[in-house]
Amino acid sequence: MPVQLLKIGKGNSETLLPRHLQKENLKHLQEGFDHTNKYFQGIVVLSYPLTKLGDGTDFFKVVLQDLDNLYSRTNSINILIHGKMAEDCAKVLHHGDTFIVAGFKLAKSPTAGLDGRHGCHLELSEEAGSAIYIYAKPRTTAASETASLPVAPKYVYTPLNHLKDGTVVNLYGVVKFFKPPYVSKGTDYCSVVTLVDPSNVRLTCTLFNGNVDSLPKIYKVGDIVRFHRIKIREYNGQMQGITGVGFASLTFDGTVGTPVVPRSSSKVYTFMDEEQKTIEELRVWAASNLSISGPAAKLSGVRPMLFFDLTCQLVGKAKVDGSSFLLKVWDGTKCPYPTWKVPVEARDLEGEKVVLHQLRNLTVDVLVYDNHVQLAKSLKVGSFLRIYSIHTKQASAVDEDVSHIEFHLHGGTCYGRGIGVLPESNLDVKELKAFLESVDLADSQNMESMSSVELDSTFNNVTDLESHLQRSQQLPVTVLTDHQDLNNTELKTILNSTAPQQYRIRAKLRTYKPQKLYQSIKLYCSKCNSLQEVPDGDDFDFILQGSAVTAPNPELHNTSWYDSVMWTTQDQKQRKIAIHFVKHDEMLQQPEDTLLMIEGGTLKEVWKLTKRFKCVIPVRSTEDDLVLLDPSAPFLLQGNIKYYGCKQCSTPKPIKSLSSIAAEQRPSWEPTEIAQVLGIVPLQYVFIMKFTLVDATGALNVYLFDYENFFQIPASEILTNNFLQQKMQMTMNMLCPPGRKLDDLPWLECFIKSYNVRDAMKHQVYYQIFDTTVAEDVV
DNA sequence: TTAGGGTTAG
């Protein structure tokens, strides 16, 4: 750490210096003395303009006055600084600053007889391992600005794979895990933070401070931190970081493209353009190398038996007993299950009575235990919280017919369990506030009666299934979306008629194929009418590996419509990865609006990028342009969906064709539009199933060919969404309950059409379901 | 000093 601006303002500089350094008296700055681990401190009384020496290196000269020897005949000394250190020092130094030097070389001063200063001078340079600590004098003008503007020290940051036991270092890292500050069993707050950096080495830091604001303000995994003066120790064979004297931290949101605004643990800090660049580079690295979960769960999305982080507002709080405490919170969405209400004395409930009543159908009770109680008690009603690792537990009370969901914040700090208070400046809070203000409370009050219905359709247990079946005996489980005026036709009549024709039928679903529902998803080309299987991940991985053999072509980087970053992996393969971020109006967009192209990425890396960015297009370089990969690879990834093109019908164009969409006023990055400009005829995800329908007169095999209307589930999403797969399975269980006799099966109302398929050998009539959907209360 | 990451069991 060659040049450090320790602090601006008053204070004791010694407490911030590395402990191994001892102060040296001016009188002892003589040849023959050992100055290792010594520092000299003086006030800057004179400095010369930064100049270059004959060999081109920078040179900066400073005169220091020794305050301890003010009345001596000789009380000043020349400091000669060479190289980059000279440049860095010249930028930040002001007269009157306290200047501390260590690791210097002492030599006879050739000008001692002329300037009346000390007989020796001190020489410093980065190469010689010198260190300079500048303890700035309070600035008299615009002091507050100076304090937060980049006044320019030069810190050295140690990569996590270069940490050594017993050192004090500065470092950057991406938060891989953290425990929000909690009350330790000692006297301090504690926060545990695990960092990782592009060296792929992890460092777990144990941070203590009596003042919770002095600990890093980390709100989520993926945040980036800058630690200054963290002690490194070895513990259990691994390096460990721990707070020591002078520890300070800055925390940044880790999302690529968001403003780089530090959250500081101290009032005064330095932050410069170069450090901004570091943050931006780490963001890009993290985006493709770390799995950072997507948007946090909302109450509307909770399911029983899971742990999740909830961003919410505190509406009320109450003591329950010695080891638990109640928090009433809301996030504007409605939990789809009945939620438990923790019984408390009305007089113990703190919060606006009117608000508590208004929000009664949207608030949930979170019971926090043990070590979290103290922090929970101190929370202010109205504040915004993130509660980490809440447990949703399904339970039934003795006097209840249906089960409910309980929210517990169990004791302990495993998995980062805890409570964090978010400031109103936090982007998630701003978003939440705007949403809360838009919530129509009249709607939520009408929802009271809805919970049990929603519960029925989502809880997958025998009782619920039974009640559905009883209902199914009376009403059809599918309904027509059109042609209501048509009369039903018996299956026998249909079988005896010529095609093509259209019919309304009432029948039961005896069986269906495929029984493994994921096998029903195919890719369909509406141009050539071909159907194909959805490629599996291995095919794509293989194509990616093949394309990574060719290194990105740097001549294609940073064009008028995209910015490029490239780096080399640190493993043995030394793989080169390039990411091209498409710009709009010459600016990068928010990640959720951004389309990027990646070269040289692995399946995992591509997949991770899709979690954070709107669109990802895997590409490779040619001499002249970026192009799409093999036509068997997806040409676009959006969210969980891979978009494929038809090999027969597509004529791929160079990637630069995309720039026309980038230039649009509001590029929507619709897959169909992207496909069109890239010369791709997109394949569509479809459900293809064969239903065997029966009525009193006969049986008929009917095909279901559906994008999303029948199940009200998009075929494109089913392969990557377990929840939707379960939902589809439950729907099929309703339509065709396993193990039932024909009489007990529910009725389906369908609209079908017959059509002819002829080839040289034979003629056949086929039947297909149309304009039919699963009834609303079955889904 | 405290905690030193890897879910409670109310």
Side-chain angles (χ1 to χ4, degrees), chain A residues 160 163 165-166 173-196 201-212 214-216 218 220-223 225 227 230-245 247 290-293 297 302-310 318-327 339-344 365-376 386-398 403-420:
Chain A
L160 299 185
L163 297 174
D165 184 20
V174 184
V175 175
K176 189 165 175 53
F177 166 83
F178 73 105
K179 293 185 176 183
Y182 60 94
V183 184
S184 78
K185 287 176 186 156
T187 58
D188 290 331
Y189 285 91
C190 175
S191 180
V192 175
V193 183
T194 301
L195 304 178
V196 63
V201 167
R202 281 192 205 184
L203 177 74
T204 297
C205 302
T206 314
L207 311 173
F208 296 104
N209 203 296
N211 176 3
V212 71
S214 293
L215 292 170
I218 298 166
K220 53 178 147 188
V221 166
D223 279 354
V225 294
F227 287 170
I230 182 146
K231 269 197 299 195
I232 304 299
R233 290 196 316 207
E234 195 178 317
Y235 175 77
N236 278 347
Q238 283 197 312
M239 290 303 160
Q240 173 195 55
I242 189 154
T243 37
V245 176
F247 170 79
L290 293 185
S291 59
I292 290 154
S293 52
V302 300
R303 279 177 285 146
M305 304 300 283
L306 54 73
F307 291 88
F308 73 108
D309 298 343
L310 179 68
K319 72 164 190 180
V320 178
D321 57 41
S323 68
S324 64
F325 194 83
L326 170 65
L327 300 177
T339 61
W340 73 327
K341 295 293 169 196
V342 178
V344 290
D365 284 8
V366 181
L367 199 54
V368 313
Y369 294 92
D370 306 337
N371 55 316
H372 308 298
V373 170
Q374 187 182 341
L375 199 123
R386 185 163 287 150
I387 310 180
Y388 299 93
S389 209
I390 294 185
H391 184 203
T392 53
K393 187 178 169 188
Q394 189 178 352
S396 288
V398 184
S403 54
H404 62 239
I405 277 204
E406 302 178 352
F407 295 86
H408 298 268
L409 186 73
H410 296 292
T413 61
C414 282
Y415 272 82
R417 195 183 300 129
I419 305 170

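Every chain is numbered from 1 and lettered A, B, ... according to where its sequence line falls, protein lines coming before strand lines.
The base of B:dG10 has none of its N or O atoms less than 3.5 Å from a complementary donor or acceptor on the side chain of A:Ser324. Counting atom types as modelled, A:Asp321 pairs no side-chain N or O with a base atom of B:dG10 as donor and acceptor under 3.5 Å. One cannot find a donor-acceptor pair under 3.5 Å joining the base of B:dG6 and the side-chain atoms of A:Arg417.
By the stacking rule of 5.5 Å between ring centres and under 30° between planes, A:Phe208 does not stack on the base of B:dT1. Residue ring and base: A:Tyr235 counts as stacked with B:dG4 (centre distance below 5.5 Å, interplanar angle below 30°). In this structure, A:Tyr369 forms no aromatic stack with the base of B:dT8, since the conditions of centre separation below 5.5 Å and plane angle below 30° are not both met.
Residue-level contact check: A:Thr413 touches neither bases nor backbone, having no heavy atom under 4.0 Å from any strand. Heavy atoms of A:Tyr182 sit under 4.0 angstrom from primed sugar atoms or phosphate atoms, though from no base atom. No contact: A:Gly412 has no heavy atom under 4.0 Å from any strand. Here A:Ile242 lies in heavy-atom contact (under 4.0 Å) with a base.
The CG atom of A:Leu306 sits 16 Å away from the P atom of B:dT8 (whole-angstrom rounding). Between the CZ atom of A:Arg233 and the P atom of B:dA3 there is a distance of 14 Å, given to the nearest Å. At whole-Å resolution of the value, NE2 in A:His372 and C1' in B:dT8 are 10 Å apart. A straight line from CG of A:Leu367 to P of B:dT8 spans 16 Å, rounded to a whole angstrom. The distance between atom CD of A:Gln238 and atom C1' of B:dG5, rounded to the nearest whole Å, is 11 Å.
Contact check for A:Leu409 versus A:Tyr388: no side-chain heavy atoms found under the 4.5 Å cut-off.
Closest to the A:Thr206 side chain, of the nucleotides B:dG4, B:dG10, B:dT2, is B:dG4. Picking from B:dT8, B:dG4, B:dG10 the nucleotide with the shortest atom distance to the side chain of A:Thr204 gives B:dG4. Minimum atom distance to the side chain of A:Asp370 is reached by B:dG10, of the listed B:dG5, B:dT1, B:dG10. Between B:dG4, B:dT7, B:dG10, one nucleotide has an atom nearer to the side chain of A:Ser323 than all others, and that is B:dG10.
Formation of a donor-acceptor pair under 3.5 Å by the A:Ser324 side chain with backbone atoms of A:Val368 is not found in this model.
Using cut-offs of 30° and 60° on the angle between ring planes, the pair A:Trp340 and A:His404 is parallel. Ring geometry, A:Phe308 versus A:Phe407: the interplanar angle exceeds 60°, so the pair is classed perpendicular (tilted spans 30 to 60°).
Under a cut-off of 6.0 angstrom, the local environment of CD in A:Gln238 is sparse, with at most 12 non-hydrogen atoms contributed by other residues, nucleotides or ligands.
Summary of the strand contacts: A:Gly186 and A:His408 both lie near DNA chain B, and taking for each the nucleotide with the nearest heavy atom, the more 5' one is attributed to A:Gly186.
Because its glycosidic torsion is more than 90° from 0, B:dG5 is reported here as anti.
The aromatic ring centres of A:Phe247 and A:Phe227 sit less than 6.0 Å apart.
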